[in-house]
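Only one structure is covered here, and it is reproduced in the block below.
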Amino acid sequence: MGYEPQADFGTPAVTAQTRVSLLIDGRAISVPTGTTVMRAAALAGGSIPKLCATDTLKQFGSCRLCLVEIDGMRGTPASCTTLASEGMVVHTQTSRLEKLRRGVMELYISDHPLDCLTCSANNDCELQDTAAQVGLRDVRYGYQGDNHLGAAPDQSNPYFDFDPSKCIVCSRCVRACDEVQGTFALTIAGRGFESKVSAGVASDDFFSSECVSCGACVAACPTATLNEKAVTAIGKPERAVITTCAYCGVGCTFRAEMRGEQVVRMVPWKDGKANRGHSCVKGRFAWGYARHQDRITTPMIRNAITEPWREVSWDEAISFAASEFKRIAAQHGNNALGGIVSSRCTNEEGFLVQKLVRAGFGTNNVDTCARVCHSPTGYGLKNTFGTSAGTQDFDSVEACDVMLVIGANPTDGHPVFASRMKRRLRQGAKLIVIDPRRTDIVRSPHIEADYHLALRPGTNVAVLTALAHVIVTEGLVDEAFVRDRCDQDEFRDWAEFVADARHSPEFLAPVIGVAAQDLRGAARLFATGGNGAIYYGLGVTEHSQGSSTVMAIANLAMATGNIGRRGVGVNPLRGQNNVQGACDMGSFPHELSGYRHVSDPAARALFEAEWGVPIDPEPGLRIPNMLDAATDGLFKGIYIQGEDILQSDPDTRHVAAGLAAMECVIVQDLFLNETANYAHVFLPGSTFLEKSGTFTNAERRIQMVRKVMEPLNGFEDWQVTQALARAMGLDWNYTHAREIMDEIARLTPTFAGVSFARLDAEGSLQWPVNAAFPDGAPIMHVDGFVRGKGKFVVTDYVPTDERTGPRYPLLLTTGRILSQYNVGAQTRRTENARWHLEDVLEIHPSDAENRGLRDGDWVRLASRAGETTLRAQITDRVAPGVVYTTFHHPTTQANVVTTDNSDWATNCPEYKVTAVQVTPSNGPSQWQLDYDAQSDAARRITATAAE
Amino acid sequence: MSGVDTTAKLVRMINQIVRNLLHDKDPVGAVAGHVHAFWSPRMVQQLRAHGSDGLDPVAIAALERLGQDHGHAAG
Ligand code: SF4
Ligand code: SF4
Ligand code: SF4
Ligand code: FES
């Protein structure tokens with residue numbers, strides 16, 4: 001496929017019930033009312049020259065290049081700001097217009113360097129194209145007058161340059177930053193000839209400004225002023241392939257623009273329904289890890305973790321792994337084996353890993369890293385609504401009137417969706433934030449939360465019960481909704497429970513640490529403010545009452561009638577790209593794909609018929625249970641695809657002990673991760689750029705991942721799993737990932753209508769896709785709940801066992817930041833590292849002062865599980881008594897400190913609450929020193945060439 | 001070795017389940033149902049072998065009910 005830039009219709013699409021018909025250059029066209037003449041002309045197949053307009057931004061009307069003539073109208077109106085009307089007759093090409101346009105263009109070009117031939121954007125530049133389009137050949141004024149040609153470029157951003165000498169001051173970048181991204185980092189400083197784009201700080205460079213490096217301005221710039229460094233370094237792309245970001249659960253789609261086997265740039269795809277042409281710094285720029293020198297592309301084995309690695313052929317590695325697993329099964333039984341499915345891998349890869357475990361290892365000991373993030377979502381929403389998934393699509397936010405954001409930090413964790421939330425908030429939607437920390441969405445340009453309930457970590461259920469108390473006792477329940485849609489007895493029990501005086505804001509305020517009147521105000525606003533939508537993240541699930549909190553959220557949505565239409569709903573913001581998919585694919589030890597319990601004989605029979613083996617009707621072990629069984633000497637071998645449990649899971653010492661107690665640990669990954677320090681077999685993995693498959697985002701949207709280059713390790717990850725399965729005696733013969741999806745569709749009722757062919761044709765599908773919903777379901781529970789009647793569940797607040805006391809007086813909560821992703825294995829290996837060189841501990845000024853700490857000091861962070869050291873950052877973002885850190889760097893070892901407490905229903909770890917003490921320190925802890933030494937030793941590779 | 005007492009952990013887990021299901025109409029049934037749905041048989045066996053020490057009475061009753069209703073004892 002040759003290279004074509006994305007089509008640009010000049011101004012955004014409008015949706016309207018009515019249409020108007022007009023004639024453009026003799027061609028008849030009908031468009032929705034409210035469409036501009038420019039867009040109508042583009043839809044009719046024509047093209048009007050333009051510079052300041054682009055279809056991702058509101059029309060601006062500054063360049064005067066898009067002039068047209070309209071019968072009966074005086075002068076030459078700008079087509080980008082003139083709306084099409086019924087019967088209009090438009091002329092876009094007349095000699096008068098040509099002359100006018102050439103004159104305008106001449107002014108632009110006279111102040112522009114004429115180095116097109118050597119410019120990185122040559123042949124990919126709107127200014128150049130437009131000059132050609134208007135037939136400009138020469139500049140009458142010459143190039144000697146005042147100009148900006150000597151202005152110095154700003155190369156401070158690691159991914160793109162700003163060369164002001166090429167700027168035509170169209171302000172597309174400024175508008176993109178405001179309208180699309182919502183960061184308001186750029187301004188046009190000065191006036192007239194002096195005007196220039198500015199990142200608005202004293203040093204005036206991009207890196208030190210408010211810029212979050214989302215790339216929206218780069219995508220909007222019609223010249224080479226804002227241009228990717230990679231385009232300069234590699235050259236213009238030659239082909240483009242649509243694929244899906246492998247970082248977070250927003251699921252942005254991109255055009256991977258390629259030159260040969262090299263990615264030149266990732267350009268957000270305008271037709272992508274999750275991102276609508278926007279992106280964040282990770283998906284847009286942080287893909288360089290795919291070719292990082294640390295990548296391991298040759299398989300390795302060793303007999304003991306004290307030995308160095310030995311590079312071997314694929315055959316040797318696979319047969320070593322298979323013979324070890326067969327030996328363990330023979331000696332210790334099938335239940336001594338297990339596997340972990342990664343939420344970063346594709347649906348097809350996840351499905352195959354759980355199939356290998358159930359059908360090949362003969363056990364249900366399979367789990368996914370969703371265990372440590374969203375397993376409570378699955379439990380809570382299935383119980384209350386009947387499906388383990390969010391209820392809305394992202395577009396739904398456009399109709400939301402009150403957003404309740406609880407335990408989520410969307411501007412860092414889900415940045416592209418956060419931009420859409422912020423746009424809606426700037427349009428006037430109200431905002432309630434429930435979070436112990438003052439996250440960025442609480443206060444940002446043109447946005448101020450109506451309520452920020454800065455609760456004590458661990459009191460989510462108490463807060464939600466207090467809100468429910470107000471709604472029930474003040475008569476704010478949506479009676480009609482509850483009567484029609486929910487079980488009445490359960491509702492009455494619940495209403496009686498929350499109405500009890502001991503659940504009033506006044507009674508609970510001291511527990512929660514938030515004033516009663518704020519709790520009352522927030523409840524009233526949510527119940528009476530129009531369409532109320534709840535967005536939540538890991539600050540809800542990663543608690544000892546994670547599942548209860550999810551159910552309390554569902555209760556609140558049902559009580560206020562906020563389910564089953566646009567603008568409302570319960571929306572879990574998923575962490576990793578394919579958390580939803582990994583859960584859907586049957587990666588939990590108790591469930592087959594499509595959330596059917598292993599004890600269900602009908603579901604088992606389907607799989608047994610397709611796979612030709614019996615399925616164990618009893619649940620298997622979850623990740624923490626596997627580790628416990630390992631330390632008890634009962635669990636001996638694990639196959640881990642794409643996960644780094646040593647860094648990501650809580651209580652690192654216990655994870656290390658569990659892994660060390662196993663006889664064969666197989667790690668399949670891109671890099672020698674921390675878990676691989678305890679592995680006996682290392683199988684190199686492939687990146688999302690090197691394989692085919694699908695990811696399912698937080699809106700249940702299934703999207704294609706397309707191979708844009710050959711895997712550096714030689715195989716897609718599903719092929720490696722297939723090789724292992726064959727070596728274990730299973731007769732698998734998939735030749736392409738699409739065949740795995742066909743099997744998923746045969747076995748999973750909610751995926752019955754999904755195939756690669758349909759995804760190719762339609763771009764994406766939101767499950768369920770089956771006879772009842774042939775084209776998928778953007779919004780769920782429209783005509784009734786999947787489980788029948790909505791179920792209110794009484795959720796009593798049970799304080800966590802993790803309490804502060806004299807030894808550990810502070811509460812630690814954890815989270816993440818924009819530029820880094822999860823354990824950082826990928827993002828640390830890109831320039832994104834420059835935004836976050838190390839994990840720091842946020843501590844309130846008063847707590848810091850009590851301990852004699854200054855900003856930047858080394859501190860010792862200790863809990864009953866362990867201790868680590870890191871630097872302190874003094875800030876009032878956190879409340880007194882609360883400290884906060886991230887877990888992106890292995891050297892910090894934040895999870896040495898987190899405990900084995902977990903959610904009562906799912907064992908999802910309680911990352912968000914750990915009682916700690918913080919004291920001054922002068923260097924790394926003994927554990928960090930020991931760990932570094934062990935880690936260096938475990939990573940040794942003997943230099944034997946593989947075949 | 002991490003020195004983790006995994007049996008003590010199971011005791012803690014089931015007591016935690018009890019505390020969160022106490023408002024159910026039939027707490028014993030709810031706890032038994034939950035354990036049956038999410039715990040591997042080996043975890044149940046390990047807890048049974050440990051006896052009733054430290055277990056909430058509802059948990060003890062649930063483990064008994066589990067044996068009768070689900071044949072989990074043999075698991
Ligand atoms: S990269 Fe994004 S945040 Fe930075 S200036 Fe451009 S639009 Fe604004
Ligand atoms: S940097 Fe690009 S988008 Fe911004 S004003 Fe200059 S030419 Fe326009
Ligand atoms: S990390 Fe998330 S928000 Fe950023 S580009 Fe990827 S999918 Fe989109
Ligand atoms: S494109 Fe219409 S005025 Fe610039």
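Each chain gets a letter, A, B and so on, in the order its sequence line appears, and its residues count up from 1.
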Heavy-atom pair with the smallest gap, counting every atom of A:Trp904 and B:Leu21: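 Nearest pair, atom of A:Trp904 first, then B:Leu21: CH2-CD2, 3.7 Å.
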Quick one: closest heavy-atom pair of B:Pro41 and A:Pro619, and the distance?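 Heavy atoms only, the tightest pair is CD-O, 3.6 Å.
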Between [X] and chain B, which part of the residue has a heavy atom less than 4.5 Å away: side chain, backbone, both or neither?
{"X": "A:Glu591", "value": "neither"}
{"X": "A:Tyr797", "value": "neither"}
{"X": "A:Leu634", "value": "both"}
{"X": "A:Phe497", "value": "side chain"}
{"X": "A:Ala905", "value": "both"}

Taking atom CD of A:Gln488 as the centre, report whether more than 12 heavy atoms of other residues, nucleotides or ligands fall under 6.0 Å from it.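 Atom CD in A:Gln488 is packed in, count exceeds 12.
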With rounding to the nearest 0.5 angstrom, report the CG to OG distance, B:Asn20 to A:Ser547.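 It comes to 8.5 Å.
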About how many Å separate CE of B:Met13 and CG of A:Asp628, when rounded to the nearest 0.5 Å?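 Nearest 0.5 Å value for the CG-CE distance: 8.0 Å.
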Does any donor atom in the side chain of A:Asn901 or B:Arg12 lie under 3.5 Å from an acceptor atom in the other side chain?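 There is such a pair between these side chains.
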Partner of B:His23 under side chain to side chain contact (heavy atoms under 4.5 Å, CB included), chosen from A:Asp796, A:Thr795, A:Val793: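 Running side chain to side chain contact (heavy atoms under 4.5 Å, CB included) over A:Asp796, A:Thr795, A:Val793 with B:His23 returns exactly one hit, A:Asp796.
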Side-chain heavy atoms of [X] within contact of [Y], under 4.5 Å:
{"X": "A:Leu621", "Y": "B:Met43", "result": "yes"}
{"X": "B:Lys9", "Y": "A:Asn625", "result": "no"}
{"X": "B:Gln16", "Y": "A:Asp903", "result": "no"}
{"X": "A:Tyr379", "Y": "B:His34", "result": "yes"}

NZ/NE/NH1/NH2 to OD/OE distance under 4.0 Å, B:Lys25 and A:Asp493: yes
Would you mind telling me which of A:Asn365, A:Val794, A:Leu627, A:Val798 has the largest number of heavy-atom pairs within less than 4.5 Å of chain B? A:Val798
So which of A:Val461, A:Asn364, A:Asp801 has the largest heavy-atom pair count under 4.5 angstrom toward chain B? A:Asp801
Quick check, are the ring centers of B:Trp39 and A:His590 under 6.0 angstrom apart?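 Between A:His590 and B:Trp39, which both carry aromatic rings, the centre distance is not below 6.0 Å.
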B:Ile14 portion near chain A, given a 4.5 angstrom heavy-atom threshold: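 Contact with chain A involves no heavy atom of B:Ile14 at all.
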